[in-house]
Colleague: 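Sharing a structure below in structure tokens format, with a few things to ask.
Counting from 1, the numbers follow the sequence of the chain as shown. Just the heavy atoms: all of them, side chains too, but no hydrogens, waters or symmetry mates, feed the values below.
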Amino acid sequence: SKKNKKRIMSASSEPTASPQRGSAGLGLPETLSPGAIDIIKATTPAVAPKVGDITRTFYRNMFNSHPELFALFNKSNQAAGRQPRALAASICAYATHIDNLGPLVVPRGPVDIIAHKHCGLGVLPEQYPIVHDFLMAAIGEVLGTDVVTPEIGAAWSEAVLFLAKVLIDREEELYVEAENKEGGWRGLQDMKVVSIKEVAVDTKEFTFSNEDGKNYDFVAGQFMSVKIDPNGDGLISPRHFTITSAPGAPHLQCTVKRLSGGVVSEYLHDKVKEGDSLKVH
């Protein structure tokens, strides 16, 4: 736990020749120790009633110290409290199944869904230590040092770091899968808006292409992420839209409905023109 934390922080802070891919070398636990599992099971009833306070404290403190991470979160969901509630539910589910994580890590299960969302947002391995540190600090702040003894803190730290490893490795699989598909790529890339059509009231169809002759392979129902920066601060999170073009077509299409007060949807409807380039992944 403490050793793992030290190793992951030093690994993430050292300059590297290329971006970190997967969890190799980060010093994350390969498995959960029996002692940590027992402590998590024993303390979950005390943590669960306070988990909402913990997640609200976590987000508040993390964003105060790392405002750049706002780029990974929908501000409306934060303001409405949906994001802290979703994280609280995930923590409770993880702790409840800590001795049998099978139901959480099956294909298309909760962990898989989270990993897909993280890939759509472009979450990187080096951002997990930040989450770990602020989540552990929030647990201590809310519950107090009388409750969070060094032994209990070490067990929860180990559990958070192990989940980080599971997510990082699953996300790397998804990044590689997307990268290796026909027309695929990794991360954000510029794509040209080659067509905009109004298909219904307050609904427009946007067609993107690199005009390089590539066809785009994807699974039916898959979404694409579009990132814009209307305020010039880089803090607007990507928005996800279902791909409506056919797999194998030489372009990608999505349909966007204007939402009143929606920063991204209103920008796409009012500002984006044919010939513009947008960041897509």
Side-chain angles (χ1 to χ4, degrees), residues 4 7-9 11-32 68-69 71-73 90 94 101-132 160-191 208-227 237-254 277-281:
N4 283 334
R7 291 173 65 190
I8 189 173
M9 289 303 293
S12 64
S13 60
E14 293 174 358
T16 57
S18 59
Q20 175 72 34
R21 293 192 172 201
S23 66
L26 292 180
L28 296 171
E30 294 289 336
T31 60
L32 278 173
E68 74 279 4
L69 293 181
L72 299 176
F73 297 90
S90 296
Y94 180 49
L101 295 175
L104 300 184
V105 297
V106 294
R108 299 185 181 180
V111 169
D112 212 35
I113 292 172
I114 292 171
H116 276 84
K117 289 180 178 179
H118 284 183
C119 288
L121 293 166
V123 172
L124 302 173
E126 55 263 33
Q127 291 163 333
Y128 278 91
I130 299 173
V131 171
H132 166 270
V160 173
L161 291 175
F162 175 70
L163 181 57
K165 174 181 172 53
V166 172
L167 286 167
I168 289 171
D169 288 341
R170 178 57 181 144
E171 288 156 23
E172 176 61 17
E173 290 175 353
L174 294 174
Y175 283 131
V176 170
E177 181 182 317
E179 193 175 19
N180 290 335
K181 285 185 176 180
E182 182 180 6
W185 68 93
R186 187 186 187 100
L188 291 168
Q189 74 165 3
D190 290 319
M191 293 196 76
F208 298 83
S209 176
N210 281 330
E211 299 184 315
D212 54 9
K214 291 183 178 179
N215 295 326
Y216 297 97
D217 183 27
F218 57 89
V219 178
Q222 188 173 331
F223 61 81
M224 59 188 292
S225 300
V226 179
K227 183 172 177 59
S237 64
R239 297 299 195 268
H240 313 307
F241 304 101
T242 300
I243 301 173
T244 55
S245 50
H251 55 257
L252 295 174
Q253 288 177 332
C254 66
S277 289
L278 296 179
K279 297 288 186 183
V280 177
H281 67 85

Colleague: Go through the structure and list residues passing side-chain hydrogen bond (donor to acceptor under 3.5 Å, both in side chains) with Ser225, not counting sequence neighbours.
Modeller: His240
Colleague: With sequence neighbours excluded, what pairs up with Thr244 under the side chain to side chain contact (heavy atoms under 4.5 Å, CB included) test?
Modeller: Gln253, Thr255
Colleague: Write down the atom of Ala71, the atom of Pro238, and the distance for their closest heavy-atom approach.
Modeller: O-CD, 3.4 Å
Colleague: Identify the residue among Gln20, His118, Lys165 that makes a side-chain hydrogen bond (donor to acceptor under 3.5 Å, both in side chains) with Tyr128.
Modeller: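 Only one of Gln20, His118, Lys165 forms a side-chain hydrogen bond (donor to acceptor under 3.5 Å, both in side chains) with Tyr128, namely His118.
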Colleague: Nearest 0.5 angstrom please: Leu252 CG to Met224 CE, how far?
Modeller: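 The CG atom of Leu252 sits 5.0 Å away from the CE atom of Met224.
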Colleague: When you compare the side chain of Trp185 with that of His281, does any pair of heavy atoms fall below 4.5 Å?
Modeller: yes
Colleague: Roughly how far apart are Thr242 OG1 and Phe223 CZ, rounded to 0.5 Å?
Modeller: 8.5 Å
Colleague: Looking at every heavy atom in both Lys181 and Asp217, which two are closest together, and how far apart are they?
Modeller: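 For Lys181 and Asp217, the tightest heavy-atom pair comes out as CD-O, 3.5 Å.
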Colleague: For Ser23 and Ile168, work out which heavy atoms get closest and say how close.
Modeller: N-CG2, 3.5 Å
Colleague: Would you mind reporting whether Leu167 and Ile114 have side-chain heavy atoms less than 4.5 Å apart?
Modeller: yes
Colleague: With rounding to the nearest 0.5 Å, note down the distance linking CZ in Phe162 to OG1 in Thr31.
Modeller: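 Nearest 0.5 Å value for the CZ-OG1 distance: 6.5 Å.
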Colleague: For Val111 and Val166, run side-chain contact (heavy atoms from CB on, under 4.5 Å): C-alpha distance rounded to whole Å, both residues' side-chain angles, the deciding distance at 0.1 Å, then the answer.
Modeller: CA-CA 8 Å; Val111 169; Val166 172; 4.0 Å; yes
Colleague: Under the side chain to side chain contact (heavy atoms under 4.5 Å, CB included) test, which residues partner Pro247, sequence neighbours left out?
Modeller: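 Phe218.
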Colleague: Do the side chains of Leu101 and Tyr94 get nearer than 4.5 Å, heavy atoms only?
Modeller: yes
Colleague: Which pair of non-hydrogen atoms, one from Leu26 and one from Pro125, has the smallest distance, and what is that distance?
Modeller: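 So the minimum-distance heavy-atom pair works out to CD1-CB, 4.3 Å.
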Colleague: Checking Leu69 now: which residues fulfil side chain to side chain contact (heavy atoms under 4.5 Å, CB included) with it, not counting sequence neighbours?
Modeller: Met62, Phe63, His66, Leu72, Gln127, Ile130
Colleague: Quick one: which residue pairs count as a salt bridge (charged side-chain N to carboxylate O under 4.0 Å, His left out) with a foot in residues 101-118, not counting sequence neighbours?
Modeller: Asp112-Arg170
Colleague: Would you say the side chain of His132 lies within less than 4.5 Å of the side chain of Val160, judging by non-hydrogen atoms?
Modeller: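 Answer yes - side chains close enough.
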Colleague: Who pairs with Ser209 by side-chain hydrogen bond (donor to acceptor under 3.5 Å, both in side chains), at least two apart in sequence or on another chain?
Modeller: none
Colleague: Quick one: side-chain hydrogen bond (donor to acceptor under 3.5 Å, both in side chains) partners of Lys227, sequence neighbours excluded?
Modeller: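 For Lys227, no residue satisfies side-chain hydrogen bond (donor to acceptor under 3.5 Å, both in side chains) once neighbours in sequence are set aside.
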Colleague: Check Phe208 against Cys254 and note the closest heavy-atom contact, atom names and distance.
Modeller: CE1-SG, 4.0 Å
Colleague: Which pair of heavy atoms, one from Asn210 and one from Asp190, lies closest together, and at what distance?
Modeller: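 Scanning both residues completely, I find the closest heavy atoms to be OD1-O, 3.0 Å.
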Colleague: Among residues at least two apart in sequence or on other chains, which ones pass side-chain hydrogen bond (donor to acceptor under 3.5 Å, both in side chains) with His116?
Modeller: none
Colleague: List for me each residue that meets side chain to side chain contact (heavy atoms under 4.5 Å, CB included) alongside Arg186, sequence neighbours excluded, and say none if there are none.
Modeller: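 Partners of Arg186 by the side chain to side chain contact (heavy atoms under 4.5 Å, CB included) criterion, ordered by chain and then number, come out as Arg21, Glu172, Tyr175, Val176, Glu179.
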Colleague: Rounded to the nearest 0.5 Å, how far does CE of Met191 lie from CG of Leu278?
Modeller: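 Rounded to the nearest 0.5 Å, the CG-CE separation comes to 10.0 Å.
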